[in-house]
Amino acid sequence: EVLDAGGLVALPGFVDLHTHLREPGREDTETIETGSRAAALGGYTAVFAMANTDPVADNAVVVEHVWRRGREVGLVDVHPVGAVTVGLRGERLAELGTMARSAAGVRVFSDDGHCVADPLVMRRALEYTKALDAVVAQHAEEPRLTVGAQAHEGEAAARLGLAGWPAVAEESIVARDCLLARHVGARLHVCHVSTEGTADVLRWAKARGTRVSAEVTPHHLLLDDSRLSGYDPVNKVNPPLRTGSDAAALRAALAEGVVDCVATDHAPHAAQDKDCEWSAARPGMLGLQTALPIVVRTMVEPGLLDWRGVARVMSERPAEIAGLPDQGRPIAVGEPATLALVDPAGRWTVRGADLASIAANTPYEGMELPGTVVATLLRGTPTARDGKAAS
Ligand code: DOR
Ligand code: ZN
Ligand code: ZN
């Protein structure tokens, strides 16, 4: 079958370091199958499934289940992220080595969903992951500074009477863990950077030779807390939407390389957990099918990144950070392709109900976005084509 690739851009398949697939536990909002379809349609060929499932992916049984189910579905490489700790308050380290040696071969461990507040636990986590040649992906929240927090601490939150989530809750723990990672000589990955101050901390840490990498979400590149005037919980997310100048600083930091890559933090939620009062709503937004268009809008259109740069932030850097040798690189002659074919002139209007996810909580409802994924190939096999997933 011949594919007319005239005018299209070929990119290495995208790698998402941060996807919530909700299986096991919340299959009413997303499954590994539906999330894999969304990923393939979004141009992804590998996703990292976050550990805050039910039960939590803090042991070999759960990570092997996620890994096997991903292989059965076969649309995208699903790599389970292991939880750093066991227990609700993250007081005890999980058996990282058991997950690393399991069939899932876990190499990314995270506290996303249950923060590691204790510096000694984080230090031990860094020591173990260093020994395993793995990485800690930290949620970057000092929970003792976000008690009750509902939105970015600032004018919008004050006007709505919502408790504020200060920038320092993120910046202080990123600084702490950069220092710990440097002390241990371990690798740290910072999830969903949301403030200008965090970019400054990262710049400082990297200049001092810290082995730290970082991701930014599409929504923190595009959206800001002016969206809160409508009081619609679709805009509720952790970390919260920050100010317009934070978003501008994040775009600049991504262009500069201080922030290494884009990760979706794809977070499906049931309608009843979003169509409710703000304080009762769950935080999070869908991201897999809209990530590339948002990067085109925020980075390519203003000239902050060219297509080479898009390949770097969507594919090459995340593959390097996670240690995936067969993703995130140009196709060698004769090798089965793992790639996304993008039509830069394509335009589409986002409809939550039309997305492949079971949930529909997109903040981009009704928005016309640039850049369509025409086809996705995983090791030579089409996984999505013209807006339809292969299975
Ligand atoms: O907005 C978020 N949603 N942030 C997180 O850290 C967790 C995620 C989720 O699981 O829904
Ligand atoms: Zn998080
Ligand atoms: Zn997350």
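Everything quoted here is computed from the prediction, not taken from an experiment. All values below were derived from every heavy atom in this structure, side-chain atoms included, with hydrogens, water molecules and symmetry-related copies excluded. Just so you know, ligand 1 is whichever comes first in the structure, and atom 1 is the first atom listed for that ligand.
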*Would you check if the Zn ion (ligand 2) lies under 2.8 Å from any N, O or S atom of Asp265?*
no
*Contacting atoms of ligand 1, where contact means under 4.0 angstrom from a heavy atom of Ala267*: 3 (N), 11 (O)
_Looking at Pro268, is its backbone amide N or carbonyl O close enough to the side chain of Asn361 to form a donor-acceptor pair, meaning the two atoms are under 3.5 Å apart?_
no
*Output yes if His18 passes the N/O/S-under-2.8 Å test against the Zn ion (ligand 2); output no otherwise.*
no
*Looking at side-chain heavy atoms only, is the closest gap between Glu320 and Ser213 below 4.5 Å?*
no
*Please examine the side chains of Pro24 and Val62, heavy atoms only from C-beta on, and report whether any two atoms are closer than 4.5 Å.*
yes
*Heavy-atom gap His20 to ligand 1 smaller than 4.0 Å*: yes
*asked:* Using heavy-atom distances only, which candidate in Asp265, Asp112, Asp111, Asn238 approaches atom 1 (O) of ligand 1 most closely?
replied: Asn238
*asked:* I'd like to know if the side chain of Thr298 pairs up with that of Arg251 as donor and acceptor (distance under 3.5 Å, no hydrogens or angles considered).
replied: no
*Taking just the N, O or S atoms of His192, which one is nearest to the Zn ion (ligand 2)?*
NE2
*What are the atoms of ligand 1, with element, lying closer than 4.0 Å to any heavy atom of His269?*
11 (O)
*Is the Zn ion (ligand 3) under 2.8 Å from any N, O or S atom of His20?*
yes
*Do Glu142 and Ser172 have a side chain donor and acceptor closer than 3.5 Å?*
no
_Tell me the angle that ND1 of His139 and OD1 of Asp112 form around the Zn ion (ligand 2), rounded to 10°._
100°
*Would you check if there is a donor-acceptor pair between the side chains of His139 and Asp111 at a distance under 3.5 Å?*
no
*Polar-atom distance check: Val237 versus ligand 1, any N or O pair below 3.5 Å?*
no
*Please check if atom CD in Glu27 has more than 12 non-hydrogen atoms from other residues, nucleotides or ligands closer than 6.0 Å.*
yes
_Arg282 contact mode with ligand 1 (heavy-atom cut-off under 4.0 Å)_ = neither
*Any non-hydrogen atom of His266 lying under 4.0 Å from ligand 1?*
no
*asked:* So if I count the atoms of ligand 1 from 1 in the order they appear, which ones are less than 4.0 Å from some heavy atom of His139?
replied: 6 (O)
*Any Ile358 side-chain heavy atom under 4.5 Å of Glu33 side chain*: no
_Subset of ligand 1 atoms that lie under 4.0 Å from at least one heavy atom of Pro283_ = 1 (O), 2 (C), 3 (N), 11 (O)
*Once the angle between the rings of Phe14 and Tyr44 is folded into 0 to 90°, is it parallel (under 30°), tilted (30 to 60°) or perpendicular (over 60°)?*
perpendicular
_N/O/S atom of Cys191 inside 2.8 Å of the Zn ion (ligand 2), strictly under_ = no
*Of the protein's non-hydrogen atoms, which lies at the shortest distance from atom 11 (O) of ligand 1, and what is that distance?*
Arg22 NH2, 2.7 Å
_In the structure I gave you, are the side-chain heavy atoms of Tyr231 and Leu162 within less than 4.5 Å of one another anywhere?_
yes
